[in-house]
Structures are given as C-alpha cells and as structure tokens.
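This report refers to the structure that appears directly beneath it.
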Amino acid sequence: MAETSGGEVLARILQAEGVEKVFGIIDGTYFGFYSALHRLGIEIVTPRHETSAAHMAGAYARLTAKLGVCMASNGPGVANLLPGLVVEQAEGNRVLAVTSCRRPQIVYPDRGGAYQAFDQVGTIKRISKWSEAVVSFDRVAELGRAALRQCHEGRPGVVHLDVPETIMNGKFKQSVHTWQPHEYRRTEAIPPRADQVQKAAEMLSAATAPMIHAGSGVIHARAFRELKRVADLLQAPVTTSWAARGVLSERSELAVPMWHVKLNHAVRNDADAALILGSRLGETDWWGKPPYWRPAPEQATIQVDVDGAILGANRPLALAVLADIRLFLDALAERLESCSINRDERRRRVQKYRRAVATERARLDEKLQDLAVPMNPAHIAHACQHAFPEGTVLVADGGNTAIWAMFFHELRVPNTLLSTFKFGMLGAGVAQALGAAVARPEQPVCCIIGDGAMGFHPQEIETAVRNGLQVVYVVVCDRQWGMVKMNQQFALKPVKTLIRKSLGPDETIKADLGEIAFDRLAQAMGAHGERVADPRELPAALKRALDSGGPAVVHVDVDPVKHMWAPGLVHFKDMHQEPKGR
Ligand SMILES: Cc1ncc(C[n+]2csc(CCOP(=O)(O)OP(=O)(O)O)c2C)c(N)n1
Ligand SMILES: [Mg+2]
C-alpha cells in the first residue's frame with residue numbers, strides 16, 4: 001500500500017474544492033502539506049510576513065468568490081498570522097487558515113517548555129468562526145471536510161485547522177479516499193420561500209418611498225445585476241455599507257454614494273419601507289437606529305441574509321428572510337414585474353436625491369482648483385480614477401488618506417473597492433492589493449495609502465516584484481499620523497486648532513513621523529519609483545508608473561495641514577456615539 005502524509009490528504013481536499021492559490025510562508029513543519037500543493041499544481045504565493053498571507057487570501061476571496069487559503073507555521077508563523085485573521089474575520093472574508101503545530105504529545109495540552117508552541121487553537125477560536133486541531137492521522141480528512149463545511153455556512157469569515165508536524169509530514173500506510181465537495185457540504189445556494197417573496201413584493205409595492213440598503217452580502221452572493229433590476233423595478237434609492245460601495249454603480253440614478261453622509265441619513269429617514277440585503281446594520285450603518293434611520297414602527301423593514309444569527313439583530317423586522325441574496329432578488333424581481341407600482345412618483349423623489357448629490361459633488365470638487373505645492377490631497381484619488389482603466393480595483397488604507405480617497409473616487413464597477421472598513425487596520429492594504437493583483441492578473445491595482453500605513457509593511461513591495469504583481473502604491477506623505485493628530489489637536493487646544501488650523505510642532509504628542517522616501521525604497525526593491533508634490537505633475541507620474549508595466553510606488557507629498565482637514569470627519573466622530581434615538 002502506498003504511503004501518504006496528512007499534508008497530502010489536506011492538499012487533495014483543497015484540490016477537490018478547486019483551490020488554485022495558497023498564500024503563506026514555507027517551513028519544515030508542514031513540508032508534507034506545501035510540497036503536496038506544489039505537486040498538485042496549486043500555486044503557493046509567498047509574502048514576507050504571515051499577516052500579509054491572511055490579507056492576500058481575504059482580498060482574493062472577496063474579489064473572486066472563491067475560497068481564500070492561507071498557511072502559517074507553528075509558533076512564530078501563527079503568531080504573525082493572528083492580526084491578519086482578526087481583520088479578515090471582522091471584514092467577513094471567506095478564509096481558511098491551515099497551520100502546523102508541534103507534535104500533539106507536547107502541545108495538546110501544553111506540556112510547558114515546548115519550542116515554538118502556544119495554544120494556537122485556543123487563541124484562534126476566540127477570533128474566528130471555527131478552529132480545531134487534528135489529533136491523529138485518521139481524522140485529517142474528516143476535520144478537513146468539517147473546516148470546509150464551516151467555510152461555507154453563515155456569514156463568511158475565518159476558519160482554522162491546526163495540524164501537528166508529525167501528522168503533516170508523517171508517512172502513513174493508509175489509503176484515503178477524497179470526497180467531492182457535494183458529498184460533505186451544501187453546494188447549492190439557499191432558495192427563498194415563495195410566500196416570503198410574495199410578502200416582500202407586496203410590502204415594497206405598496207410603500208410610498210421604499211429604499212434598499214446593501215451590505216457585503218451582495219458582493220458575496222454576486223447579486224449585482226439582480227440588485228439593479230429590483231432597484232429599477234421599485235425605483236428605490238440604494239444606500240450601501242462602506243464595504244459594499246459600488247454594488248450598484250454610483251453612476252446609477254438610484255445610487256446614494258456613501259460620501260454624502262447627510263443624504264444617506266435623509267434617504268433612510270424618508271423611506272417607509274426598507275429592504276436590507278446582506279448587512280448587519282452595524283456601527284458604520286449607524287446601527288439602523290434613529291435619528292439616522294426612521295423609527296422602525298414607521299418603516300417596514302425586510303432583512304435578507306444567509307446567516308440566521310444576523311436577522312433582526314440590530315433592528316426590529318417586519319420580515320426576516322433566510323436566503324441567498326441573489327436567488328431572493330431574482331425571485332422578487334419576477335414578482336415585482338406584475339405588481340402595480342407608482343414609479344413616476346418615486347422617480348421624482350429619487351431625482352431630488354440626485355440633485356443633492358450633484359450639488360455636494362460640486363462643492364467637494366472646488367478643492368481640485370487648489371494647485372498649491374505640496375498638493376491638496378483631494379487631487380490624488382481623482383487623478384488615479386482618470387489614470388487607471390475603468391474597473392481597476394482601488395485599495396484604500398490609512399487614516400485621513402482613506403477618507404480623502406473615499407470622497408474623491410467614484411465606484412463605477414461593482415466589487416472594485418477594498419479596505420478594512422470594519423477594522424480600520426493600518427497597513428492591511430499593502431497585502432490586500434497583492435491579493436487583488438493575484439485575483440485579477442489582467443489589470444493593474446491601485447493602492448492609495450498613508451505614509452504611516454505603508455510603514456507597517458513596505459517589504460511587501462518586493463513580494464509584488466517577485467510575483468510579477470502590478471500594484472501601484474500611491475503613498476500619501478504628510479509625515480504624520482494625520483487622522484490622530486487632528487483628533488489630538490482638538491482634544492488639546494480646540495479653539496486654537498479652529499483658528500490656526502493646526503498647532504505648532506511642540507504642542508502635540510508624538511504625532512509626527514520622519515520621512516521615508518518611498519520612491520527610493522521601491523527602487524531599492526526593483527520596483528518603479530516616482531516622487532511628486534505638484535498636482536499638475538501627478539497625472540504624468542501616475543502614467544509613467546502604469547507604463548512601467550510592473551509594481552510601482554508613487555510618493556506624493558501633500559500639504560500636511562490641508563490633509564488633516566479631511567472632509568466628513570465630524571460624521572466619523574458622531575458615529576462613535578450610540579445614536580440617541582430608539
Ligand atoms: C494598526 C493600527 N494602529 C493604529 C491605528 C490608529 N490610527 C488610526 S488612523 C492613524 C494615523 C494614520 O496615519 P497614516 O497612515 O499616515 O494616514 P493619515 O491619517 O496621515 O492620512 C492611527 C495611528 C490603526 N487604525 N491601526
Ligand atoms: Mg500620514
């Protein structure tokens with residue numbers, strides 16, 4: 001009988017699942033696993049820090065709708081993986097982490113004094129959907145299947161399987177039959193019940209002013225076309241969670257862009273019926289509460305989600321639907337075709353919203369007239385939008401940098417935005433951009449990132465070079481922790497901050513950073529580097545970066561005071577309080 005290793009058994013399960021890429025750093029303790037991946041033609045994409053592997057897997061999963069797989073080795077490798085797992089769980093990306101651990105005789109339970117060992121499962125259990133350890137070769141396949149079942153149930157997030165080195169690498173005289181996914185997990189999307197679709201259609205047709213709020217669930221369900229069809233049939237305005245921006249192109253008459261925060265509040269208060277799709281109505285959705293939303297008794301709320309634990313968690317519902325969002329919207333559209341709906345009346349209301357968007361846009365765009373050097377940060381996302389092809393994935397990272405990017409970028413194509421909207425993790429964007437480039441190799445990726453954020457993981461520029469990933473990092477350099485400095489100035493001397501716009505260098509606490517010449521850092525790693533401070537020169541610098549055909553870094557010097565006064569900060573501050581309404 002042929003011999004096989006635990007690592008090989010797992011690799012075969014991943015192969016049956018259609019996994020094509022695994023992100024992680026190699027180590028002897030799971031040679032049996034990654035050498036089997038390699039043999040089976042599954043590519044191992046190797047960053048320079050394990051947390052990057054988690055973000056690459058998460059970004060890849062979100063953009064492709066496939067499973068994102070990362071791996072890390074026992075002790076330090078897993079310790080480095082942890083922050084990435086925390087973030088990917090928060091963002092709700094479908095990630096499977098496979099790790100090695102020391103032999104079970106010394107770690108389960110911990111004997112004390114074992115080398116490169118800590119309670120990996122105990123730790124990851126607290127920060128993920130599911131985490132288990134394999135304790136004998138006989139259970140590798142069964143637990144591998146259990147992990148994959150968990151990956152595909154409920155809200156997407158992180159699932160973890162810990163496998164001892166002795167099982168990963170050991171040779172066992174046992175033939176293991178690999179099951180096909182449909183033999184051990186649900187592979188069909190959950191269909192909605194006809195009576196619920198009917199009820200939803202009645203409620204939404206009868207309403208005077210229905211609205212739709214879309215969360216990341218719409219991205220995971222790939223329901224972009226269906227969402228557009230239902231919104232058109234209902235003539236309902238569509239707001240989104242921050243993470244789901246662009247699920248309906250922001251060029252659509254019905255889209256309510258996230259940067260017009262006051263309009264989002266107005267739409268949510270005007271509506272007498274709300275269809276909530278794949279969103280938890282979390283803090284960045286203002287918890288679905290007044291005064292940001294109309295009180296629930298006056299707004300019939302329908303919530304659709306694949307995860308029953310989310311339904312009605314933050315807002316009382318008129319109808320709770322456990323179903324796949326795409327199948328639900330498809331069935332709803334069929335129903336709505338035969339409903340009588342006063343679309344003219346609704347259209348008038350929506351046009352009013354569109355006019356409000358245009359007015360606010362014109363007000364914001366006044367900043368683009370400012371041609372002072374170093375530049376006003378408003379230029380950056382605006383120039384990137386023009387320089388990169390339509391449909392380019394934008395990754396936004398940093399404090400005020402991400403806010404500026406959100407206010408000056410229009411989401412025209414669904415699922416082309418990545419950030420850490422739920423966790424605000426500085427530096428995660430560096431690797432998210434790499435994962436995006438692996439997911440969409442035919443396009444460049446644009447990553448607009450703060451100088452503080454980029455400083456967490458600049459070594460990954462070399463990962464882009466080595467793997468031929470065309471990421472253009474546009475590093476916004478104000479030489480400060482801009483967002484926090486602004487906050488701090490108001491805490492220290494609010495009146496002086498308002499009058500002078502900023503405090504002197506000795507009046508703030510540890511808010512300034514030294515300079516890193518990111519263009520030269522890029523060149524040192526074999527990437528293209530540019531540096532620009534004049535807004536008139538930014539388009540040409542971006543074009544040269546793109547024309548280089550490979551990874552590039554554009555170091556952009558911005559006016560540090562203007563940069564601190566990012567738009568919309570007051571809303572961001574408000575959001576940190578519990579809404580007053582009930
Ligand atoms: C990993 C991490 N550490 C700390 C913070 C707290 N924090 C939020 S914004 C910010 C400053 C960001 O500086 P930078 O990336 O340069 O962006 P800027 O605000 O200057 O545009 C900090 C420290 C965080 N969000 N993430
Ligand atoms: Mg900064």
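Whatever order the structure lists ligands and atoms in, that order sets their numbers, starting from 1.
Classified by interplanar angle (parallel below 30°, tilted 30° to 60°, perpendicular above 60°), the ring pair His571/His265 is perpendicular. Ring geometry for His213 versus Trp293: interplanar angle over 60°, hence perpendicular rather than tilted (30 to 60°).
Under 4.0 Å is where a charged nitrogen must lie from a carboxylate oxygen, and between Lys496 and Glu507 at least one such pair does. Between Glu390 and Arg412 there is a salt bridge, since at least one side-chain N of the basic residue sits less than 4.0 Å from a carboxylate O of the acidic one. Look at Arg280 and Asp307 and you find no salt bridge, because none of the NZ, NE, NH1 or NH2 atoms lies under 4.0 Å from a carboxylate O. Taking the charged nitrogens against the carboxylate oxygens, Asp512 and Arg479 have no contact shorter than 4.0 Å, which rules out a salt bridge.
Taking a 6.0 Å sphere around NZ of Lys125, one finds it holds more than 12 heavy atoms contributed by other residues, nucleotides or ligands.
Counting atoms of ligand 1 from 1 in the listed order, those under 4.0 Å from a heavy atom of Asn400 are 18 (P), 19 (O), 21 (O). Counting atoms of ligand 1 from 1 in the listed order, those under 4.0 Å from a heavy atom of Gln480 are 16 (O), 20 (O).
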| task | Please report the C-alpha distance between Asp557 and His555 in whole Å, then the side-chain angles of each, then the deciding distance to 0.1 Å, and finally whether the side chain to side chain donor-acceptor pair (under 3.5 Å) criterion is met. | result | CA-CA 7 Å; Asp557 293 296; His555 175 125; 3.1 Å; yes

| side chain to side chain donor-acceptor pair (under 3.5 Å) between Asp478 and Gln480: does it pass, once the steps are laid out? | CA-CA 5 Å; Asp478 61 347; Gln480 56 195 6; 3.2 Å; yes

| query | Could you go step by step and tell me if Thr420 and Glu91 meet the side chain to side chain donor-acceptor pair (under 3.5 Å) rule? | reply | CA-CA 7 Å; Thr420 53; Glu91 302 301 322; 4.6 Å; no

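When Gly399, Gly455, Pro83 are checked for heavy-atom proximity to atom 17 (O) of ligand 1, Gly399 turns out nearest. Proximity annotation for atom 13 (O) of ligand 1: of Phe423, Trp481, Trp404, Trp481 comes nearest, heavy atoms only. For atom 8 (C) of ligand 1, the candidate residues are Thr420, Val484, Val475, Val558; the nearest heavy-atom contact is made by Val484.
At the top of the distance list for atom 25 (N) of ligand 1, counting protein heavy atoms only, stands Gly424 O, 2.8 Å. Among all non-hydrogen protein atoms, the one lying nearest atom 20 (O) of ligand 1 is Gly482 N, 2.8 Å. Protein heavy atom in closest approach to atom 5 (C) of ligand 1: Leu426 CD1, 3.8 Å. At the shortest separation from atom 15 (O) of ligand 1 among protein heavy atoms lies Ala453 N, 2.9 Å. If you check which protein heavy atom lies closest to atom 14 (P) of ligand 1, you get Gly452 N, 3.6 Å.
Using 4.0 Å as the threshold, Asp478 has a heavy atom nearer than that to some atom of ligand 1. Using 4.0 Å as the threshold, Gly427 has no heavy atom nearer than that to any atom of ligand 1. In this structure, His563 counts as a contact residue of ligand 1, since one of its heavy atoms falls inside 4.0 Å of the ligand.
Asp451 contributes atom OD1 as its closest N/O/S atom to the Mg ion (ligand 2). For Asp478, the N, O or S atom with the smallest separation from the Mg ion (ligand 2) is OD1.
For the Mg ion (ligand 2), the N/O/S atoms of Gln480 include one lying under 2.8 Å.
Neither the backbone nor the side chain of Lys485 comes within contact range of ligand 1; no heavy atom lies under 4.0 Å.
If you check the side chains of Glu460 and His49, you find no donor sitting under 3.5 Å from an acceptor.
Polar contact with ligand 1: absent for Met425 (N/O pair, distance under 3.5 Å).
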